Asks: 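The structure that follows is given in the form of structure tokens.
For this chain, numbers begin at 1 and follow the sequence in order. Side chains are part of it too, since the values below use all heavy atoms of this structure and drop only hydrogens, waters and symmetry mates. Nothing here was measured: the structure is a model prediction, and the numbers come from that model.
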Amino acid sequence: MKIFIAGATGRVGTLLTHDLLEDGHEIIAGARHPERVEENDRVTPVKFDLHESVEQMTEAIKGADVTYFTAGSGAKDILQVDAFGAVKLMQAAEKDGIKRFVMLSALFSLEPTKWRTVKGLDGLTDYNIAKLFADNYLIHDTDLDYTILQPTVMTDKPGTGKITVDEGKLGYNPAEDVARTLADILKYQNTSRKVIKMREGDTPIDDALSRV
């Protein structure tokens, strides 16, 4: 398949690109600085800015079979990127007829009652509000075939290839395992229209996804 990745030069986006290439896919790598995209015969870098209009985004993602949102503002431009930018990409995907949409989100993004009660989340309220807005729009205001992946705190530790899903406990995830899980979501139709919570664990990623 041909896959568009928003945020292709970010930490997770770069790892995801490698995993999808390993799986035999072609990549349209969307980035504000496309010159930073690693060269590969099966990767097409495109200039992509989440401040752009829906029409501009529609042109950038044309020809893709799947859209991934792995972009993030790093808390510097939360409304324009993490919230409204994500929504505009969803609208562009619908205009282009790209049904499959995989969203990288955050644990408890859809559960605001936990933002002040779970230790470590109290300083992320603005970010979680943005994710709540974007995730709710994806679920309730589009007809996209979505999967929302909600990892907990990401680290740069080596991946283990094993995770825990749907327990909703704060913990850690190696970024490598988050990227591999995002890539493997495409293999399992049962992940369609699901919100998947994840953290490090003892279950191989394929086994975990096959049971959600």
Side-chain angles (χ1 to χ4, degrees), residues 3-23 25-40 42-51 57 60-61 64 66-86 89 101-109 120-121 123-124 126-128 130-131 134-135 138 147-165 170-186 195-201 205 208-209:
I3 297 170
F4 178 84
I5 301 175
T9 57
R11 175 170 58 165
V12 173
T14 299
L15 293 167
L16 175 61
T17 297
H18 294 164
D19 288 336
L20 291 171
L21 288 172
E22 186 179 294
D23 292 344
H25 300 294
E26 296 180 39
I27 307 298
I28 304 172
R32 284 187 301 164
H33 300 283
E35 69 277 5
R36 297 179 185 173
V37 174
E38 295 180 27
E39 290 188 15
N40 187 289
R42 288 187 286 127
V43 176
T44 302
V46 296
K47 184 170 177 54
F48 188 80
D49 191 323
L50 287 158
H51 290 79
M57 291 185 186
I61 69 176
V66 180
T67 304
Y68 275 89
F69 186 90
T70 67
S73 68
K76 297 174 183 176
D77 198 9
I78 289 172
L79 288 178
Q80 287 275 25
V81 172
D82 302 275
F84 193 40
L89 182 58
F101 195 104
V102 183
M103 168 71 88
L104 175 60
S105 189
L107 191 67
F108 304 134
S109 67
L121 293 185
L124 299 172
D126 287 350
Y127 173 73
N128 281 319
K131 292 311 249 182
D135 291 356
L138 180 56
T147 303
I148 298 172
L149 185 67
Q150 297 182 330
T152 184
V153 179
M154 274 192 278
T155 74
D156 289 321
K157 291 168 54 180
T160 66
K162 296 181 179 181
I163 61 174
T164 297
V165 298
L170 201 64
Y172 296 94
N173 283 123
E176 288 181 357
D177 287 340
V178 174
R180 185 70 257 177
T181 303
L182 286 167
D184 286 350
I185 279 170
L186 295 186
V195 177
I196 302 172
K197 298 173 181 174
M198 69 173 286
R199 61 182 174 86
E200 59 190 355
I205 291 170
L209 289 177

Asks: Do L16 and I27 come within less than 4.5 Å of each other through their side chains, counting heavy atoms only?
Replies: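 Heavy-atom side-chain distance check fails, nothing below 4.5 Å.
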Asks: What residues, two or more places apart in sequence or in another chain, satisfy side chain to side chain donor-acceptor pair (under 3.5 Å) together with T155?
Replies: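 So T155 forms no side chain to side chain donor-acceptor pair (under 3.5 Å) with any residue.
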Asks: Does A134 have any side chain to side chain contact (heavy atoms under 4.5 Å, CB included) partners at least two apart in sequence or in another chain, and if so, which?
Replies: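 If we apply the side chain to side chain contact (heavy atoms under 4.5 Å, CB included) test to A134, skipping adjacent residues, the hits are A86, M90, M103.
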Asks: Among residues at least two apart in sequence or on other chains, which ones pass side chain to side chain donor-acceptor pair (under 3.5 Å) with N173?
Replies: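 With sequence neighbours excluded, N173 shows a side chain to side chain donor-acceptor pair (under 3.5 Å) to no residue whatsoever.
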Asks: side-chain contact (heavy atoms from CB on, under 4.5 Å) between L50 and M57: does it pass, once the steps are laid out?
Replies: CA-CA 8 Å; L50 287 158; M57 291 185 186; 3.8 Å; yes
Asks: Side chains of I61 and I28: does their closest heavy-atom pair fall under 4.5 Å?
Replies: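 Not touching, per the 4.5 Å side-chain cut-off.
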Asks: Answer yes or no: is there a side-chain heavy-atom contact under 4.5 Å between N128 and F108?
Replies: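 Result no, sub-4.5 Å side-chain heavy-atom pair not found.
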Asks: Residues two or more places apart in sequence or in another chain: which of them pass side chain to side chain donor-acceptor pair (under 3.5 Å) with D19?
Replies: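 Applying side chain to side chain donor-acceptor pair (under 3.5 Å) to D19 gives none.
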Asks: L15 and L182: side-chain contact (heavy atoms from CB on, under 4.5 Å), yes or no, with the steps?
Replies: CA-CA 10 Å; L15 293 167; L182 286 167; over 6 Å; no
Asks: I need the I163 CD1 to T152 OG1 distance, nearest 0.5 Å.
Replies: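 Reported to 0.5 Å precision, the distance equals 13.0 Å.
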Asks: Can you find a heavy atom in the side chain of Y68 that is under 4.5 Å from one in the side chain of L20?
Replies: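 Yes, side chains in contact.
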Asks: Go through it in stages, so that I can follow the logic: the residues are M198 and V178, the test is side-chain contact (heavy atoms from CB on, under 4.5 Å), and I'd like the CA-CA distance, side-chain angles, deciding distance and then a yes or no.
Replies: CA-CA 8 Å; M198 69 173 286; V178 174; 4.2 Å; yes
Asks: How would you list, by chain and number, every residue that makes a salt bridge (charged side-chain N to carboxylate O under 4.0 Å, His left out) with D23, sequence neighbours excluded?
Replies: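 Result, salt bridge (charged side-chain N to carboxylate O under 4.0 Å, His left out) vs D23: R180.
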Asks: Side chain to side chain donor-acceptor pair (under 3.5 Å): which pairs involve residues 6-18, sequence neighbours left out?
Replies: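 Checked against side chain to side chain donor-acceptor pair (under 3.5 Å) - neighbours excluded - the pairs reaching residues 6-18 are R11-D156, H18-E38.
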Asks: List in chain and number order the residues that pass ring-ring contact (aromatic ring centres under 6.0 Å, His included) with F4, two or more places apart in sequence or in another chain; answer none if no residue qualifies.
Replies: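 With sequence neighbours excluded, F4 shows a ring-ring contact (aromatic ring centres under 6.0 Å, His included) to F48, given in chain and number order.
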Asks: Taking atom CZ as the centre, does R42 end up with more than 12 heavy-atom neighbours from other residues, nucleotides or ligands that are less than 6.0 angstrom away?
Replies: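 It does: R42 CZ has more than 12 such atoms within range.
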Asks: Of the options L107, V12, L104, which is the one that meets P151 in a side-chain contact (heavy atoms from CB on, under 4.5 Å)?
Replies: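 Exactly one option meets the side-chain contact (heavy atoms from CB on, under 4.5 Å) with P151, and it is L104.
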Asks: Let me see the working for L149 and V102 under side-chain contact (heavy atoms from CB on, under 4.5 Å), right down to the final yes or no.
Replies: CA-CA 8 Å; L149 185 67; V102 183; 5.6 Å; no
Asks: OG1 of T67 to CZ of F101: how many Å apart, nearest 0.5 Å?
Replies: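 Atom-to-atom, T67:OG1 and F101:CZ are 6.0 Å apart.
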Asks: With a 4.5 Å heavy-atom cut-off, do D177 and T160 have their side chains touching?
Replies: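 They are in contact (side-chain heavy atoms under 4.5 Å apart), so the answer is yes.
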Asks: So, using side chain to side chain donor-acceptor pair (under 3.5 Å) as the criterion, who are the partners of D77 when residues are at least two apart?
Replies: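 Here the qualifying residues are H51.
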Asks: Answer yes or no: is there a donor N or O on one side and an acceptor on the other, between the side chain of K47 and the main chain of R32, under 3.5 Å?
Replies: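 Pair found, side chain donor or acceptor close to backbone of R32.
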Asks: Could you work out, with salt bridge (charged side-chain N to carboxylate O under 4.0 Å, His left out) as the rule, every residue matching K131, not counting sequence neighbours?
Replies: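 Expected list: none.
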